[in-house]
J.: 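There's a structure below that I have some questions on.
In what follows, every heavy atom counts, from backbone to side chain, and hydrogens, waters and symmetry copies are set aside. Computed from a prediction, not measured in an experiment: that's the story for all the values here.
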Amino acid sequence: METIQSYIKKYGHLNFQELEFNDVDNVILAVISYLDFDGIIDVFKKVTISSAANSFFNKYSMKEIHRNIISVKNAAKVLELIKDTNRYSNLVLYNYIYKCNYEKQFSAMFIDIDENLTYISFEGTDDKVSGWLEDGALSYQFPVPAQRDAIKYINHNISIFSPRKYILGGHSKGGNLALVAGMYANPLVRRKIIKIISNDGPGLRLKELESRKYQKIEKIYDLIVPEYSVVGLLLHHKEPMHIISAGKKGLMAHDAGCWGVSGTNLQSATLSNFSKKVDKLIKRWLENYNDEDRKNFMMNIASILESAGITSLLDIKASMISSLIKIVKESSKLDKKSKDIIIDFGNILMTSLKEDVASSIKAKF
């Protein structure tokens, strides 16, 4: 199966006048926002992808890159592939921002495709636990801090006087941020936005999904999900979704690097029975527990991780057994209802992981 890597190798010699911007380009530009460009790009400093890539690979060794989570490692691979291509090397990056503290994780940047079109790439969740906890807060709180930052970011940085048009996009939580930023943009700013693309990003609570704000952007919004989606089915969405093929199953299908490409398009597919089952489990969990229950659930998770001294997914990766022992020990202190909520959510996670394990075993035989 062809992937975005195949696409880069096959069409990287064509500029955007020879081959117009498409959904595959969207995935590529969404993915590279996972990389740490601090000190390489900033609000005022404009650099080309080629220049940013050279600085990035000079700043970080391959050993440092490979210590990261899969989204960062894959983003580095994509950057390596596009940095010297005719299509991407001279695209201009600027307005880079990265914020991370105990309550949020937010990053975004502008990417000028040509003199008339800019792609605004919102980063998905990186290795910081604060970002993953904020993802959980999407189920009971609106807006979460990163969503507020995304709205302010485009209102502040998009010029209403420029003839330039904008596409908002991102992978995972980045897709949700692109959606919410477009919904709540200043009306004059919203007129500059021609498309919003969420690449397997979580949806919205019903209240926001049924709002007039959503109706205003519905015609320019595209949700792309792999056939084995989990993350992209979280919360609520409206049909139709743009369902595409994936070379992996379960949670691993969230990796954009495995998404299928056919020519210059993402390869269409139908939603798997696995994803339909996960979708029902998620909807049932949302129906069984109200906003206050979900908030307590996430506060308990945050407390458990804090007591276990875990601030990054890399902490768990570095000492898997001891981290899990600490998590189990802290979880035993919770009251019965809190344990029930965690167990129910754990069932959704285990259903997703079973598909990963089954797929891995099948691949070996």
J.: Is a salt bridge present between Lys59 and Asp36, judged by a nitrogen-to-oxygen distance below 4.0 Å?
T.: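 Looking at Asp36 together with Lys59, the answer is no, because their closest N to O distance does not fall below 4.0 Å.
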J.: Regarding Arg294 and Ser139, do their side chains bring together a donor and an acceptor under 3.5 Å, going by distance alone?
T.: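 No, Ser139 and Arg294 have no side-chain donor paired with an acceptor closer than 3.5 Å.
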J.: Does a donor on one side chain and an acceptor on the other come within less than 3.5 Å for Gln267 and Glu2?
T.: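 Per modelled atom types, Gln267 and Glu2 side chains form no pair under 3.5 Å.
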J.: Met1, Ile28: one ILVMFWY side-chain cluster at the under-4.5 Å cut-off?
T.: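 They do not share one cluster, since no chain of ILVMFWY contacts under 4.5 Å joins Met1 to Ile28.
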J.: Who pairs with Lys63 by side chain to side chain contact (heavy atoms under 4.5 Å, CB included), at least two apart in sequence or on another chain?
T.: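 Partners of Lys63 under the side chain to side chain contact (heavy atoms under 4.5 Å, CB included) test: Ser61, Arg67.
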J.: Between Ser229 and Asp200, do the side chains contain an N or O donor and an N or O acceptor separated by less than 3.5 Å?
T.: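 Side chains of Ser229 and Asp200: pair found under 3.5 Å.
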J.: Would His254 and Trp259 count as a close aromatic pair, with their ring centres under 6.0 Å?
T.: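 That pair fails the under 6.0 Å test.
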J.: Sequence neighbours left out, what passes ring pair (Phe, Tyr, Trp, His ring centres under 6.0 Å) with Tyr7? Give chain and number order.
T.: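 Checked Tyr7 against ring pair (Phe, Tyr, Trp, His ring centres under 6.0 Å); matches are Tyr11.
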J.: Run the side-chain donor-acceptor check on residues 181-188: report pairs under 3.5 Å with partners two or more places apart or on a different chain.
T.:
residue : atom : partner : partner atom : Å
Asn186  : OD1  : Leu188  : N            : 2.8

J.: Not counting sequence neighbours, which residues clear side chain to side chain donor-acceptor pair (under 3.5 Å) with Asn199? List them please.
T.: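 Listed in chain order: Asn26.
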J.: By side chain to side chain donor-acceptor pair (under 3.5 Å), which residues pair with Thr85, not counting sequence neighbours?
T.: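 Checked Thr85 against side chain to side chain donor-acceptor pair (under 3.5 Å); zero matches.
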J.: Any chance the side chains of Ser89 and Asp84 put a donor and an acceptor closer than 3.5 Å?
T.: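 No, no side-chain donor-acceptor contact under 3.5 Å.
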J.: If we count only N and O atoms by modelled type, under 3.5 Å, do the side chains of Asp112 and Tyr94 hold a donor and an acceptor together?
T.: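 Side chains of Asp112 and Tyr94: pair found under 3.5 Å.
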J.: Under the side chain to side chain contact (heavy atoms under 4.5 Å, CB included) rule, collect the residues that match up with Glu239, sequence neighbours excluded.
T.: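 Result, side chain to side chain contact (heavy atoms under 4.5 Å, CB included) vs Glu239: Met241.
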J.: Under the ring pair (Phe, Tyr, Trp, His ring centres under 6.0 Å) test, which residues partner Tyr221, sequence neighbours left out?
T.: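 Applying ring pair (Phe, Tyr, Trp, His ring centres under 6.0 Å) to Tyr221 gives none.
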J.: If the condition is ring pair (Phe, Tyr, Trp, His ring centres under 6.0 Å), which residues does Phe37 pass it with, not counting sequence neighbours?
T.: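 In terms of ring pair (Phe, Tyr, Trp, His ring centres under 6.0 Å), with neighbours along the sequence ignored, Phe37 is linked to Phe56.
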J.: Side chains of Ser121 and Ser33 only: does a donor on one sit below 3.5 Å from an acceptor on the other?
T.: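 Yes - a donor-acceptor pair under 3.5 Å links their side chains.
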J.: Do you know the tightest heavy-atom contact between Ala256 and Ile4?
T.: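 Looks like O-CD1, 4.1 Å.
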J.: Against Asp23, only a single residue in Leu266, Ile244, Asn265, Thr264 fulfils side-chain contact (heavy atoms from CB on, under 4.5 Å); can you say which?
T.: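 The side-chain contact (heavy atoms from CB on, under 4.5 Å) with Asp23 is passed solely by Leu266 among Leu266, Ile244, Asn265, Thr264.
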J.: Donor-acceptor check, side chain of Ser55 to backbone of Ile40, threshold 3.5 angstrom: yes or no?
T.: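 No; judged by distance alone, with no hydrogens or angles, the pair does not exist.
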J.: Can you list the residues that meet the side chain to side chain contact (heavy atoms under 4.5 Å, CB included) rule with Ile113, with sequence neighbours excluded?
T.: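 For Ile113, the residues satisfying side chain to side chain contact (heavy atoms under 4.5 Å, CB included) (neighbours in sequence not counted) are Phe16, Phe21, Leu29, Leu117, Tyr119.
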J.: Check the side chains of Asn74 and Asp255 for a donor-acceptor pair under 3.5 angstrom, ignoring hydrogens and angles.
T.: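 On atom types as modelled, these side chains qualify, holding a pair under 3.5 Å.
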J.: Main chain of Lys207, side chain of Glu210: is a donor-acceptor contact present, judged purely on distance under 3.5 Å?
T.: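 Such a contact is absent between Glu210 side chain and Lys207 backbone.
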J.: Can you pull out every salt bridge (Lys or Arg N to Asp or Glu O under 4.0 Å) where at least one residue sits in residues 273-282? Sequence neighbours excluded, please.
T.: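 For residues 273-282, and leaving out neighbouring residues, the salt bridge (Lys or Arg N to Asp or Glu O under 4.0 Å) pairs sorted by first residue read Asp279-Lys283.
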J.: Taking only residues two or more places apart in sequence or in another chain, which ones pass side chain to side chain donor-acceptor pair (under 3.5 Å) with Tyr289?
T.: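 Tyr289: side chain to side chain donor-acceptor pair (under 3.5 Å) contacts with Asp344.
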J.: Which residues satisfy the side chain to side chain contact (heavy atoms under 4.5 Å, CB included) test with Pro145, sequence neighbours excluded?
T.: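 Per chain and number, Pro145 pairs via side chain to side chain contact (heavy atoms under 4.5 Å, CB included) with Glu103, Lys104, Glu134, Gln141, Arg148.
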J.: Which atom pair, heavy atoms only, marks the closest approach of Pro202 to Ser172?
T.: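 Closest pair (atom of Pro202, atom of Ser172, distance): CD-O, 3.5 Å.
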